[in-house]
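To start, the structure itself, in C-alpha cells.
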Amino acid sequence: MSRPTLPLAALLLTVLAAASAHAVEPHPEAPAQEIADTLFSAYQQRWESALMMAGSGNMLGAMIAFERLMDDPLFARLEPAVRGRNAQIAGATALMQHAPGVARRYLQQALTALPNDPATLATLVSVELAEDNTAAATLHLLQAATHADAPVQVDTQTVSYLQYTLRAQPAQRMALLKSLFDNQWTGDGVEPTGLWLVLATLQVEHGHSAEAAATIARIDTPLEVIALRSDKRFDRYVDRRDPRFDPQQVAQRKLDDLRVSGLLDRRLNAKLAAFGFIQLMVGENEQIVQFTDDMARMVSAGQRPAGEEATWLAWLLDYRTLALRRLDRIDDSVAAARLTDAVGALGPDAAEHRMNLAFMLSATGHERESDTLLAGMDGLSPFGLAARAYLTFVHARENNDLAAAAAARAEIVSHRKDAPQIHMELLIEEGDMEAAAAALISQLESAEDRTDALLSLQDMRVYPSLPAERVADERWRELKQRADVRAAINRVGRIERYPLYSISTSR
C-alpha cells in the first residue's frame with residue numbers, strides 16, 4: 001500500500017468557481033472611500049487573475065502570484081469568506097507545487113478566516129500526508145467529516161490508508177470511520193462497503209451493537225456479505241435465509257444496478273470498475289473481455305486518459321487480465337497486465353498494478369522480467385515489501401540461490417505482523433504444513449485478520465491452476481482439510497459453498 005494523496009486538482013476546481021464569484025467583494029464595513037480605493041481594487045483584480053491562472057492549469061505562475069497576494073497587507077481587508085477561500089486555494093496550489101510548508105501556512109490562515117472549513121481541512125489532510133504526519137492527517141479528516149454539511153471531499157484510497165495506519169488504535173480507527181459513515185461519505189461515488197465492514201467489525205468488537213446494525217444495513221456487495229455470513233461475530237445481525245444476505249442474489253442486484261448507472265454515466269469511473277469486479281465474481285469473463293476490447297486497443301495505440309479516468313481504466317484492464325487468464329488465454333492475459341501497468345503507472349495504485357504484473361510474469365515463466373520489475377519498486381508498504389520478498393524467495397529457490405532465498409525469507413518473517421497472508425504463503429511454499437496451519441489458526445484467532453482468513457477459506461468456484469501454482473494450490477486445499485484448522489474455523493466462523501467465483505481464481 002503506497003501513501004495516497006487527495007485529488008487536489010479536482011478539489012481546486014470545485015472551489016474555484018465559488019471563489020471567483022466572490023473574489024472582488026470588499027469588506028462590507030469598509031468606508032465608501034476605501035472601497036473605491038484604487039490600490040485595493042487593483043489588489044482584488046490581481047486575485048481574480050491568479051485564480052484564473054490556477055483554473056487554467058498554470059500552477060507555478062499561480063503560486064508565484066498567490067505568494068505576493070498572501071503577503072500583501074491588503075489581504076486583511078478581504079471579506080472573511082473570501083479571505084478563507086482564497087487562502088485555501090493558495091494552499092492547495094502550493095501543495096501541488098510540492099511546497100507543503102507554504103501550503104500549511106496558507107491553510108492555517110484560511111482556517112483563521114473560516115474556522116473548521118471542511119474544504120480547508122481536507123486539503124490539510126494532503127499536506128500532512130505529504131510529510132508523513134498520519135496522526136495530524138487523521139485529525140483533520142475527522143474534523144472535516146464532523147463539520148461538513150455535505151459529504152467530505154476525500155478519496156477512498158486516502159481513507160483506506162489512514163484507517164489502516166490506525167490498526168493498533170481501534171478507538172481512533174472506529175471514530176474516523178464512524179464520522180465518515182455519519183457524513184454519508186461515499187468516497188469515489190460508490191458505497192465503500194469494505195470500509196463499512198471494517199467499521200462494523202470494530203463496533204461489534206467494542207460493544208456498539210446498535211451502531212453495528214446500522215452499518216451492516218449499508219453493506220450491499222457480495223464479497224462483504226460473504227464475509228458477514230462466514231464470521232460468527234455477525235450472527236445476531238445476519239439472517240442467513242434473508243435474500244438481503246444471499247451473496248448470489250446480492251451480486252445479481254448489484255450487477256443490475258451498476259449496469260444501469262454505467263449506461264447512464266457512460267464514463268470511466270468507480271461504478272464502472274465495481275461493475276467489472278462483480279462480473280468476475282459471477283463468471284462473466286467473455287463479457288469483460290468484450291467490454292474492454294476497445295479500451296485495450298486505445299491504450300495499445302498510445303491513447304491514455306489522465307487523472308481519475310486513468311485510475312479506473314487501469315482497474316478495468318486489471319479485470320480484463322484476470323478474465324483472460326480464466327479463459328486460458330494466457331499470452332493475452334500477460335499482455336493485458338502490461339497495459340494495466342502502463343496506464344496505472346502514474347496513478348495512486350501504481351504499486352499494486354506493478355506487483356500484479358510481477359506475479360503474473362512469475363506464474364507464466366517470465367521470472368527474470370518479474371525480478372527486474374521488482375527491483376525498480378520503491379516506497380512500498382510493509383505488505384508490499386513482503387509480497388516482493390515472496391517472489392524473490394520463490395525465484396531464488398528455483399535458481400538454487402540459497403543466500404538470496406534466506407535474505408528474502410528473513411524479510412517476509414520481519415513483516416509477518418503486517419502481512420500474515422504472505423508469511424503463510426511462504427510456509428506453504430516451503431511445504432511446512434504444521435507451521436502453515438499454525439499461521440492460519442493465528443489469523444483466525446486474530447480479531448484483525450479473521451475476516452480475510454475466513455474469506456480465503458470459503459468454497460467458491462475456481463479455475464484450473466497454472467503449472468507454477470499447482471503445488472501451492474494443492475497444499476492449500478490440504479491445509480483447509482486439516483482437523484486443527486477445521487476446529488479453529490468452527491470456533492469463530494464457518495465455511496459455506498457459493499456458486500460465485502473466487503477472487504483468487506484457482507483457490
Side-chain angles (χ1 to χ4, degrees), residues 4-25 27-28 51 54-55 78-93 95 103-104 106-129 136-163 172-193 195-196 198-199 203 208 210-211 214-215 217-220 261 265 269-271 308:
T5 57
L6 291 180
L8 288 174
L11 184 62
L12 197 57
L13 290 174
T14 301
V15 296
L16 274 172
S20 62
H22 298 287
V24 297
E25 292 184 14
H27 194 291
L51 293 169
L78 293 172
E79 179 185 358
V82 176
R83 193 163 66 247
R85 189 59 60 230
N86 288 5
Q88 189 259 325
I89 295 171
T93 303
L95 183 58
R104 182 181 285 104
Y106 292 166
L107 293 168
Q108 291 297 344
Q109 289 179 264
L111 286 178
T112 300
L114 294 175
N116 298 316
D117 175 62
T120 302
L121 290 165
T123 311
L124 272 168
V125 172
S126 282
V127 173
E128 302 300 350
L129 284 175
T138 300
L139 177 61
H140 291 318
L141 181 54
L142 182 62
Q143 292 171 330
T146 301
H147 294 286
D149 295 326
V152 66
Q153 296 297 305
V154 58
D155 64 276
T156 301
Q157 197 207 34
T158 295
V159 174
S160 296
Y161 174 74
L162 287 176
Q163 66 85 26
Q172 292 91 324
R173 190 184 192 187
M174 183 166 58
L176 175 64
L177 291 172
K178 183 64 164 60
S179 70
L180 292 164
F181 182 87
D182 292 341
N183 175 253
Q184 301 297 312
W185 171 79
T186 58
D188 303 305
V190 175
E191 195 79 66
T193 52
L195 291 172
W196 298 156
V198 173
L199 174 59
Q203 290 168 331
H208 298 259
E211 292 180 354
T215 303
R218 276 171 63 181
I219 295 176
D220 64 348
S261 62
D265 285 346
N269 56 20
K271 290 182 180 179
E308 290 188 27

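All values derive from a computational prediction rather than experimental measurement. Heavy atoms only: backbone and side chains are in, while hydrogens, waters and symmetry mates are out.
Residues Trp185 and Leu195 have side chains in contact (heavy-atom distance under 4.5 Å, counting atoms from C-beta outward). Using a 4.5 Å cut-off on side-chain heavy atoms (C-beta onward), Arg218 and Phe181 make contact. Residues Leu121 and Leu111 are in side-chain contact: their nearest non-hydrogen atoms beyond the backbone lie under 4.5 Å apart. The shortest distance between side-chain heavy atoms of Arg173 and Val198 falls below 4.5 Å. Annotation: side chain of Glu308 is not in contact with side chain of Asn269 (no heavy-atom distance under 4.5 Å). For the pair His208 and Met174, the minimum side-chain heavy-atom distance is below 4.5 Å. Residues Thr112 and Gln108 have side chains not in contact (no heavy-atom distance under 4.5 Å, counting atoms from C-beta outward).
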query = Can you list the steps and then say if Glu128 with Arg104 is a side-chain contact (heavy atoms from CB on, under 4.5 Å)?
reply = CA-CA 9 Å; Glu128 302 300 350; Arg104 182 181 285 104; 2.9 Å; yes
task = Evaluate the criterion side-chain contact (heavy atoms from CB on, under 4.5 Å) for residue pair Thr120 and Leu114; output intermediate values, then yes/no.
result = CA-CA 9 Å; Thr120 302; Leu114 294 175; 5.7 Å; no
inquiry  = Let's go through Leu129 and Leu162 carefully: what are the C-alpha distance in whole Å and the side-chain angles of both, what is the deciding distance for side-chain contact (heavy atoms from CB on, under 4.5 Å) to 0.1 Å, and is it a yes or a no?
reply    = CA-CA 9 Å; Leu129 284 175; Leu162 287 176; 3.8 Å; yes
request  = Please assess Thr146 against Asp182 for the test side-chain contact (heavy atoms from CB on, under 4.5 Å), listing each intermediate value before the final yes or no.
outcome  = CA-CA 8 Å; Thr146 301; Asp182 292 341; over 6 Å; no
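Across every non-hydrogen atom of Ala87 and Tyr106, the tightest pair is CB-O, 3.5 Å. When every heavy atom of Lys271 is checked against every heavy atom of Ser261, the shortest pair comes out as CD-OG, 3.8 Å. Considering all non-hydrogen atoms of both residues, Pro80 and Ala113 come closest at O-CB, 3.5 Å. Listed here is the closest heavy atom pair of Thr193 and Ile219: CG2-CA, 3.9 Å. Looking at every heavy atom in both residues, Ala119 comes nearest to Gln88 through O-NE2, 3.7 Å. For Pro118 against Ala148, the heavy-atom pair with the smallest separation is CG-CA, 3.6 Å.
Interatomic distance, Leu95 CG to Leu107 CG, rounded to the nearest 0.5 Å: 8.0 Å. In this structure, CD in Glu79 is found 10.5 Å from CG in Asn86, a value given to the nearest 0.5 Å. To the nearest 0.5 Å, the span separating CD on Gln157 from CG on Asp188 amounts to 9.0 Å.
The backbone N or O of Gly187 sits nowhere less than 3.5 Å from a side-chain atom of Asp155 that would complete a donor-acceptor pair. Side chain of Asp117 to main chain of Gly84: no donor-acceptor pair is present (N/O by atom type, distance under 3.5 Å, no hydrogens or angles).
Using a 3.5 Å distance cut-off with no hydrogens or angles, the side chains of Gln172 and Thr138 do not pair a donor with an acceptor.
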